[in-house]
Amino acid sequence: MTPLEELPLWVAILVSALLILGSGLALFGSIGLLRFKTFYERVHAPTLGSTLGLFSILAASMLYFSIAETRLVLREVLIGVFVTITTPVTFLLLVQATVYRDRFEGSDPIADLSPERRTVKTPSDPHP
Amino acid sequence: MTWADHLVIAPVLIPLLAGGAMLLFEGRRREVVAGINALATLAQLAVAIALLVMSTQGSPAQTVRVYRLGDWPAEFGIVLVADQLAALMLLLAALLACAALLFALAYWHRAGSYFHPLFQFLLMGLNGAFLTGDLFNLFVFFEVLLAASYGLALHGSGRARVRASLHYIVVNLAASSLFLIGVSVIYGTAGTLNMAALGERIPALDPSERGLFEIGAAVLGIAFLVKAAAWPLGFWLPALYAAASAPVAALFAIMTKVGVYIILRLGSITAEAGGGESLFFAEGWLFAIGIATISFAAIAMLASQDMGRLAGYSVLVSSGTLLAAIGVGGPGMTSSALFYLVSSTLTVAAFFLLIELVERGRTPADDVLAVTLEVYGAEDEEDPEAEEEVGVAIPAIMGVLGVAFLACAVLLSGLPPLSGFVAKFAILDSLLDQHWLTVGGTVSLQGWLLLLVILVSGLTTVIAVTRAGIRAFWTFTDRELPRVRGVELGAIALLLSLCVALTIQAGPVMQFMRTTANGLELGRPYIGAVRAQDETSPSQPGPAP
Amino acid sequence: MELVISITIGVLAGSGLWLILRPRTFQVIIGLSLLSYAVNLFIFGMGRLRVGKAPVLDSVVPPYLAGYADPLPQALVLTAIVISFAMTALFLVVLIAARGLSGSDHVDSVEPGS
Amino acid sequence: MSTHAILLTVLVALPFVGSLVTAFHPTNGRNAEASLAAGVASAGLAIAAFFSRQIAQGSVIRAEFEWLPQLGMNFVLRLDGYAWSFVVLVCLIGLLVILYARYYMSPEDPASRFFSFLLGFMGAMLGIVTSGNLLQIVFFWELTSLYSFLLIGYWYHNQNARDGARLTLTITATGGLCLLGGMLLLGHIVGSYDLDVVLRAGSSIIDHPLYLPTLLLIAVGVLTKSAQFPFHFWLPRAMAAPTPVSAYLHSAAMVKAGIFLLARLWPVMAAHDYWFWIFTPVGVTTLLVGAFLALFQQDLKGLLAYSTISHLGLITLLLGLGSPLAAVAAVFHIMNHATFKASLFMAAGIIDREAGTRDIRQLGGLYRAMPITATLAMVAAAAMAGVPLLNGFLSKEMFFAETIETHVVSALDDALPYLATLAGVFSVAYSLRLIHQVFFGPAANNLPRTPHDPVPWMLLPVGFLVLMCILVGVAPQAMVGGFLDIAIDAVVGYPTPKYSLAVWHGFTPAFFMSLVALFGGITVYTALQTYLSGDIEGAPILRRLKGRRIFERAVALLSWRGARGLVQRLSSNRLQPQIALLLCVALLAAVWPLFQNSITLRWPKLNEVDASFLLVWVVGCLCAVGAALLAKFHRLAAVILMGGAGLSTSITFAWGAAPDLALTQLLVEIVTTVLLLLGLRWLPKQDKDAIPPPSPTVVARRVRDFVIATVGGIGIGTLAYAVMSRPLTFSVSSKFLELAYPEGGGRNVVNVILVDFRAFDTLGEITVLGIVAITVYALLRRFRPAPDSVPLPDQKYFQNLFDAERKRSHKEPISAHYMFVPGIILRLLFPVVGMVSVFLFMRGHDLPGGGFVAGLTFAIAFILQYMAGGARWVEARLTVLPVRWIGFGLLAAGCTGIAAALFGRPFLTSAFRYVEIPLLGPIPMASAVLFDLGVFALVLGATVLMLIALAHQAIRIPRTASKAGQAAEGAA
Amino acid sequence: MSGVILSAALLTAKLFLTLAMAAATFRILYGPRAQDRVLGMDTLYVNAMLLLLVFGIGSGSTVYFEMALIIGLLGFVATVAMAKFLMRGEVIE
Amino acid sequence: MSRWLPYPLISVMLLITWLLLNQSLSLAHILLGGMLSVAGPWFLLRLDAPRLVIRRPLAILQLCAEVAVDIVRSNYRVALLTVRDKPGRTPGFVRIPLRLQSQYGIALLACIITATPGTSWVAYDPDRDILVIHVLDLIDDDDWGEIIKTRYERLLMEIFE
Ligand code: NA
Ligand code: NA
């Protein structure tokens with residue numbers, strides 16, 4: 001196990017960059033979660049953290065441990081895979097639930113979709 | 001180790017394995033499960049008797065048997081300690097269990113699911129709490145017995161039970177939090193959880209640590225007082241016991257005694273460090289709380305119309321009497337308190353069983369929900385038993401029940417000729433003895449207070465119980481005769497005849513209590529035995545073959 | 001850091017206590033959970049805080065208390081977590097049973113004023 | 001053991017044996033039972049006769065049995081002259097009453113119960129008089145109270161009988177308890193409870209500082225038992241008992257127990273002014289009040305009852321005077337009163353039975369109808385009035401003579417002769433009234449029955465007693481001289497005071513007092529005759545002041561309404577106050593040690609604060625406070641926030657070097673959230689707008705709760721800080737670290753503690769989980785939802801409607817369109833999560849993980865399938881037997897522990913070694929792993945059981961509801 | 001040098017992630033609707049997982065990996081349950 | 001084969017998972033992992049999971065590459081939006097008829113769409129094969145439908161069908 005100080009500089013810089021990129025994306029995502037006006041928009045924000053943000057930090061971790069332990073450390077891949085396949089389950093159900101709830105309250109956001117009308121724009125916040 | 005050495009663990013293991021084995025049946029084959037339960041209960045009785053006998057033989061050091069779980073030294077492993085007091089409590093629990101089970105087999109075990117495993121788990125919790133020599137392990141066994149008691153209290157469901165249990169659970173969850181806080185502060189200051197080691201560690205604490213330790217001990221003490229249902233922490237008890245099914249309530253009669261037992265045990269272990277005072281209760285508090293509990297319960301008995309509640313409050317009276325007696329302290333008083341503990345527990349249990357039989361003719365069995373809903377895992381299983389009549393109406397039944405009721409009334413109020421009188425007399429006599437020794441031929445205010453409160457509580461018990469008895473037996477409404485099974489009467493007879501035996505054999509029993517109380521003095525034999533384990537046989541490293 | 005943890009324990013406990021004093025069973029169950037967090041942290045803290053020295057032995061650090069976090073409170077907390085989990089589940093079921101039987105989610109199974 | 005001791009024991013034991021035997025007789029065997037009872041009484045008399053010579057010589061017979069030697073309470077029987085005389089009295093009157101009762105009781109009455117109780121009472125009474133131990137007296141004393149209760153309540157279908165029984169028991173039991181207190185003190189003053197020791201104590205008792213409290217306590221016992229003012233009122237109420245009981249218990253025997261004891265303790269306690277000042281005023285008041293009230297009774301038995309009270313007052317007064325001669329008079333009057341009063345009660349019973357009423361106003365001219373009864377009653381009444389040549393006259397004259405003497409210089413003592421004479425006047429008047437209004441005057445014509453003399457057997461006991469009255473009255477010395485000597489010697493000791501048992505003492509002041517009483521009585525009766533025949537109930541002045549009424553009101557007030565009020569103040573059935581109290585008490589307890597010890601808090605090192613973790617905890621605190629605020633109206637938000645707080649806790653654990661904790665906390669968090677959500681389905685909708693604004697009391701309660709919560713939070717936080725900020729100087733944990741690997745075979749010390757060092761905790765902990773799971777299951781089997789939560793949730797109902805219009809219907813939730821994608825992913829996750837679970841299990845011993853975590857993880861794999869496809873879908877495909885898993889887990893963990901015992905090691909001793917396996921190399925094998933497997937199985941089973949038991953309610957309830965609906969339709 | 005850079009980066013990353021957690025917490029607190037809170041919770045979990053990974057790098061210890069793994073694999077379960085609850089009113093049908 | 005190894009591909013993936021979890025290639029782990037990987041899919045069979053067949057394994061790599069690029073690009077775009085929202089941005093729903101039939105394919109598509117910031121899966125109607133997604137910044141009406149169909153659906157169909 002190599003202590004922090006003895007890592008090669010390039011590794012340190014790379015790891016640091018990945019860490020800052022990843023955590024920065026996560027932060028952006030969470031800020032987006034706060035700032036976007038409607039739920040359907042907010043859903044997009046956290047994916048920053050759960051995709052590229054996550055991958056960056058995983059990469060940082062893999063890199064760091066591979067160098068520090070002088071062997072190939074790949075188990076972080078698992079976290080990436082797990083998150084990538086589980087996130088859709090949450091989001092699908094959550095968005096679907098929101099659609100239902102909106103519909104139940106009389107404002108079906110996708111009611112107007114039809115073979116003729118393939119997009120519906122929702123510029124303003126339906127629930128101020 | 002010989003097999004006899006393993007007897008100490010048996011009271012915990014038997015119910016554990018029995019409970020586990022019963023679960024393999026998934027609630028089916030009730031006869032088999034009941035059989036396992038009966039065997040396990042009898043086995044526990046046998047073990048308890050054996051331990052009791054063993055605890056009275058040999059030198060004082062030999063009477064305290066220490067069992068090192070996992071073969072780790074007592075200092076950091078968990079030990080079980082079976083001394084006379086523990087053996088006595090084990091025996092009491094086993095006896096109650098026999099009676100409660102006998103009673104339950106007539107009807108109540110069919111009133112809901114998993115009565116038998118829960119019954120055994122409750123015993124496991126009780127036995128573990130009596131035996132363990134480790135504070136945190138005590139917490140675990142408290143939780144075992146509480147969890148099982150929740151299950152048993154809810155046995156049969158119904159609105160009253162659920163409501164009472166809800167209160168019981170919340171109060172006890174809060175108390176468990178206090179328990180954890182207390183235990184962890186004790187660890188955080190003294191660095192050990194072993195009770196015996198604690199007794200030795202306390203004097204080594206610096207003043208500030210000592211202060212923190214005492215805070216932990218005080219918080220822990222409150223948790224015990226909740227278990228003992230002391231005023232003002234025990235209002236959940238009467239409703240719960242009144243709502244619980246009869247055999248469960250009877251078995252619960254010993255639950256408050258667990259709190260009392262622990263207070264006694266820890267008080268004795270820490271007494272030397274505390275300069276003769278229990279560290280868990282600042283001077284006089286335990287006594288004051290006991291007096292308050294008796295007074296409150298005595299008044300409440302007068303105010304209760306329902307027999308179940310009456311019995312519930314009588315539990316509080318007995319709890320309060322014990323707390324006050326322990327608060328007074330001294331070996332004489334302790335031995336009297338132990339006698340009282342045994343007698344009052346048996347009595348209250350008998351009373352709970354009896355009440356159900358007496359009331360059976362009066363109220364339809366509406367407290368048992370008609371079960372028609374099918375359940376998970378079992379196909380549309382209509383509980384056919386729920387409709388079935390219990391027992392037969394015996395013509396002279398009211399007479400038999402009346403005699404039993406009279407016996408209970410006499411026992412509860414401490415009137416002659418049964419053990420209730422002996423117990424009450426013993427406590428008062430010890431009180432005066434102690435005053436004669438310490439104050440020299442006069443009685444302090446404290447003494448007068450206890451005398452007064454005990455006498456008055458006896459009186460209010462007489463008034464309240466007679467009122468209830470007259471209403472039940474002497475008021476003629478065109479009631480149906482209660483349908484009663486022989487085993488149900490047998491269970492009550494067992495408990496009452498134990499009280500009778502206690503009366504007749506009062507001398508030898510009191511002698512036993514004396515030696516038990518002497519063994520508790522300043523916790524020396526207990527601490528000595530546990531510590532001796534570490535010295536004589538250091539941990540044996542290496543694998544077992 | 002002890003101060004921060006202590007304040008946290010205090011806030012968790014305070015919130016929990018406030019909730020277990022509330023009249024609705026659901027508030028109580030949330031309160032009990034918060035209280036159990038507070039208590040678990042409390043027990044944990046009784047072994048004193050030690051950052052980054054998990055009691056998982058390695059070949060570098062000799063097995064003394066100076067080198068590792070105190071394992072005993074951790075074991076105690078584990079037990080406490082399990083037990084409080086069980087109790088939360090139990091209380092949940094009791095509260096819905098009470099609600100089912102009485103129609104009310106008040107802790108006394110009776111709506112106040114009725 | 002000598003023959004005497006055996007016989008003495010038999011004397012006391014025989015009635016109890018008889019009582020038991022009788023109890024098992026058939027209820028209608030009057031003859032057999034009465035014969036048995038009479039046999040017992042006769043045997044008692046025979047034994048007494050056998051002892052008479054020895055007793056007459058002044059010796060004391062003792063029998064001692066060890067009972068409770070530690071407390072100085074042995075079973076001691078002690079027969080001296082005084083006790084002997086009471087034995088004779090009790091047995092003799094008992095025999096006569098039994099004989100009488102055989103004919104008195106109707107065939108419908110359950111005779112076995114009656115005679116059983118009567119014999120029991122006789123035994124208890126004999127027990128009192130032969131007790132050689134103070135506490136034994138109390139013991140039998142309370143027994144007599146109990147039998148009295150049972151006998152008064154014999155005809156319990158009668159409201160009067162029930163009330164009378166209860167009243168009697170209440171008063172006499174109170175007295176008994178006081179007596180117990182008094183005896184305890186007395187025993188401690190003397191240093192022994194043994195009566196012989198007490199009677200030898202000399203003046204040490206009256207010199208003791210606790211003499212007064214002892215005396216007061218004993219006095220209450222004595223005065224209640226002997227129906228002395230102000231406790232007298234139970235006795236008239238006790239007249240609801242069958243007449244033989246009144247004759248025996250309430251005139252001859254039980255009420256004499258108090259006086260018996262007074263005389264018993266007289267030698268060692270009377271020589272003090274307190275004694276005089278307690279018993280004399282009480283005695284004289286009772287004497288007067290009883291006599292006065294007796295005159296105005298309309299019930300024959302009521303008159304006799306008040307007369308009894310009055311006579312008991314007389315005896316108390318005599319004993320209270322403290323002079324030996326007064327004591328002699330008292331003992332003599334005890335015997336005389338028993339004789340004439342018992343016979344009068346029996347006569348009253350005969351009249352009641354024959355005429356069908358006991359109302360003096362309705363009765364009249366019975367002399368013609370029942371001459372023998374009338375004659376006997378007249379003689380007995382004359383004895384009661386103190387007519388010369390009858391026994392009552394003698395003792396009454398002794399009484400008058402004694403009142404004239406000076407005992408304690410005081411106005412009361414001076415007034416005694418006048419008060420005594422006044423009482424005598426009343427006594428004559430009521431006796432006269434009894435005779436005149438019942439037997440003479442115009443014959444009653446509207447009686448319920450036609451009266452005539454009863455069978456001779458019934459008259460025999462009355463006749464015998466009346467004969468005794470006459471014989472003693474005419475030839476006192478010859479008849480009872482010896483008897484009285486024996487009794488008195490034992491009380492007042494040697495030298496026996498000189499007293500004369502002559503019929504004629506000359507024209508003494510006492511004789512004139514008797515004369516005044518006789519003529520005064522005649523005058524008073526003549527004056528009041530018409531008034532008394534009128535429509536009055538009770539005495540003119542005291543009518544309003546009815547002791548019983550006052551007492552009953554007081555008892556009702558105290559014991560019912562007052563008690564209820566008090567209990568409502570002192571306790572609460574509601575949960576919130578209980579919790580508030582608990583918290584306050586706990587806070588108080590925690591603060592208390594601060595007064596004795598100073599605890600210093602160290603100043604925090606703020607520079608050590610890690611900003612990022614500060615933020616984690618800001619998040620945690622926000623979540624906690626948010627949960628506290630939102631739990632009422634936003635339940636889901638509260639669940640989420642609770643999860644947030646849990647996550648923060650979890651991160652703290654991770655940060656504080658407790659990865660196991662963090663992992664466990666996290667998984668528990670997840671499962672708890674799912675559980676709570678499953679439960680939310682059954683809670684009522686909480687509408688914020690429907691709730692009225694809080695009332696001032698609600699606001700006040702919230703303020704209170706806020707204060708408690710704040711103080712509690714600060715308290716716990718401070719305590720935590722105080723402990724954490726100082727070093728842990730000593731800890732057993734160092735041992736765990738040292739031994740974990742070499743002896744426990746694991747590197748993860750926490751896990752080694754859990755499965756080895758403290759595996760017993762873990763065993764208990766998993767048991768808790770198992771118990772809770774089966775409890776949850778059992779309770780949910782009986783689950784009955786509130787009516788408003790039975791229908792489908794709104795959103796589900798609405799969606800199903802919406803989908804039904806547009807989409808293919810689906811049978812299983814798994815094939816619903818919204819589950820199309822999640823369903824496939826969730827199913828794929830099952831083996832993955834299972835594998836991770838195995839992974840966590842395997843590495844637990846060396847790295848974070850272990851059976852518990854693995855079990856929870858695997859349980860979550862199941863939950864996911866349930867969420868994806870619904871309960872029925874999963875159970876059709878996977879065999880889920882959670883209860884068995886729990887059972888297996890417990891057995892596995894338990895048996896692993898037991899295995900050690902086979903090798904002679906204690907339970908749970910673990911074995912650890914490397915096993916060399918070809919190709920695979922050394923594989924670590926620890927028996928603790930097997931234990932952990934049990935943990936795994938149990939946790940898995942318990943978690944799954946709880947979740948699916950809850951989940952099943954949602955599918956069960958609609959089905960049952962629809963079934964019930966079909967049934968209702970079918971019925972219609 | 002490496003140590004300085006890495007420490008600074010770790011500190012920044014931790015700060016960013018905890019700030020992100022705080023932001024998610026505000027979303028939970030303010031809602032406005034249940035689904036927003038649930039979304040906040042999911043974000044909170046993801047951020048916590050990232051924090052643990054960063055913490056693992058910082059401490060050089062591998063014991064935090066499991067926790068991150070478990071959040072990654074199972075952190076969604078609570079959220080899914082809530083989504084299901086919001087959608088159907090029942091978590092398990 | 002199909003009886004003992006109903007889902008060979010999944011078994012392989014599970015084995016890889018096991019080895020990754022344990023960070024080990026020791027024989028013991030391969031054996032143990034192998035056993036678990038064989039046993040796990042039996043449960044899938046019980047749970048009626050559809051068979052997983054991959055026609056063109058190499059297309060997966062292509063897909064991965066494209067998705068990776070998309071993820072990076074959209075991360076950048078959305079990150080900008082979170083800091084400074086574009087004034088004229090119009091979010092909206094898009095209806096996309098799908099030809100893709102494989103359940104795994106659709107699931108993977110869901111993963112991709114979710115993983116790409118800026119698009120999110122809203123609803124899928126298996127009866128009519130219609131997908132609705134939400135787009136954060138709806139630049140052109142037809143753009144998104146085409147992107148999904150050409151970039152992902154085609155590849156997915158190649159892989160799974
Ligand atoms: Na005088
Ligand atoms: Na997306």
Side-chain angles (χ1 to χ4, degrees), chain C residues 1-4 6-15 17-21 24 26-27 30 33-34 37 41-42 45-46 48-50 52-57 63 65 68-72 74-75 77-79 81-83 85-86 88-90 92-93 96-97 99-101 103 105 107-108, chain D residues 574-576 579 604 608 614 617 620-621 624-625 627-628 631-632 635 638 642 645 649 656-659 661 664 668 672 675 679 682-684 705 709-710 712-714 716-717 720-721 724-725 728 733-734 736-738 741 747-750 753-754 761 765 768-769 772 776 779 784-786 946:
Chain C
M1 257 359 244
E2 283 80 10
L3 185 69
V4 181
S6 303
I7 291 172
T8 308
I9 292 173
V11 172
L12 280 174
S15 311
L17 293 179
W18 163 259
L19 280 176
I20 63 170
L21 288 164
R24 301 288 152 188
F26 188 75
Q27 291 174 304
I30 299 287
S33 295
L34 292 180
Y37 298 152
L41 279 175
F42 187 94
M46 291 303 108
R48 310 302 189 267
L49 296 178
R50 191 159 296 153
K53 288 172 184 169
V56 178
L57 304 174
L65 206 48
Y68 296 94
D70 190 342
L72 183 58
Q74 297 193 12
V77 175
L78 268 178
T79 305
I81 291 177
V82 177
I83 288 176
F85 161 63
T88 307
L90 176 75
L92 174 77
V93 173
I96 66 167
R99 141 81 176 148
L101 291 168
D105 69 336
V107 285
D108 298 324
Chain D
R574 299 190 304 116
L575 181 64
Q576 290 166 279
I579 298 289
E608 284 180 9
L614 189 63
W617 275 110
C621 292
V625 175
K632 186 160 188 183
R635 296 197 186 112
M642 194 195 91
T649 312
L661 292 193
T664 314
V668 162
T672 308
L675 275 175
W682 305 105
L683 289 180
D705 293 350
T710 313
I714 292 174
I716 297 176
Y721 183 75
M724 280 195 284
S725 59
L728 182 55
S733 287
S734 49
F736 293 135
L737 289 168
E738 267 171 51
Y741 194 66
R747 296 190 176 277
N748 181 359
V749 186
V750 175
I753 293 178
L754 286 177
D761 277 350
E765 155 208 324
V768 171
L769 195 57
V772 165
V776 162
L779 187 60
R784 205 167 54 183
M946 291 192 287

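To find a chain, count down the sequence lines: A is the first, B the second, and so on, and within it residues start at 1. In this text the structure is predicted, and so the values were computed from the model without any measurement.
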When heavy-atom pairs shorter than 4.5 Å are enumerated against chain D, which of [options] gives the highest number?
options	value
C:G14, C:G103, C:P71	C:P71
C:Q27, C:M46, C:R48, C:E2	C:R48
C:V82, C:I81, C:V11	C:V82
C:T88, C:I83, C:L41	C:L41
C:A13, C:A69, C:A75	C:A75

Between [X] and [Y], which heavy-atom pair has the shortest distance, and what is it?
X	Y	answer
D:A657	C:P55	O-CD, 3.2 Å
D:A720	C:S6	C-OG, 3.9 Å
D:W682	C:I96	CD1-CD1, 3.7 Å
D:L575	C:D108	N-OD1, 2.8 Å
D:A638	C:F26	CB-CE2, 4.2 Å
D:G713	C:L17	N-CD1, 4.1 Å

At a 4.5 Å cut-off on heavy atoms, which part of [X] comes close to chain D: side chain, backbone, both, or neither?
X	result
C:T8	both
C:L19	side chain
C:L49	side chain
C:V4	side chain

Roughly how far, to the nearest 0.5 Å, is the [atom2] atom of [Y] from the [atom1] atom of [X]?
X	Y	atom1	atom2	value
D:F736	C:D70	CZ	CG	9.0 Å
C:L34	D:T649	CG	OG1	8.5 Å
C:L90	D:L769	CG	CG	11.0 Å
C:R99	D:R784	CZ	CZ	13.0 Å

At a 4.5 Å cut-off on heavy atoms, which part of [X] comes close to chain C: side chain, backbone, both, or neither?
X	value
D:I579	both
D:M946	side chain
D:L661	both

Just give me the residue among [options] that pairs up with chain C most often, heavy atom to heavy atom, under 4.5 Å.
options	value
D:V625, D:L754, D:T664	D:L754
D:E738, D:R747, D:R574	D:R747
D:A624, D:G620, D:A627	D:A624

With heavy-atom distances below 4.5 Å as the criterion, would you say the side chains of C:I7 and D:W617 are in contact? no
Checking D:E765 against C:T79: is there a side-chain donor and acceptor pair closer than 3.5 Å? yes
Under a 3.5 Å distance rule, please check whether D:Q576 uses its side chain to pair with a backbone N or O of C:L21 as donor and acceptor.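 Flag set: sc D:Q576 to bb C:L21 pair under 3.5 Å.
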Run the numbers on D:I716 and C:F42 for side-chain contact (heavy atoms from CB on, under 4.5 Å), then give the verdict. CA-CA 8 Å; D:I716 297 176; C:F42 187 94; 3.8 Å; yes
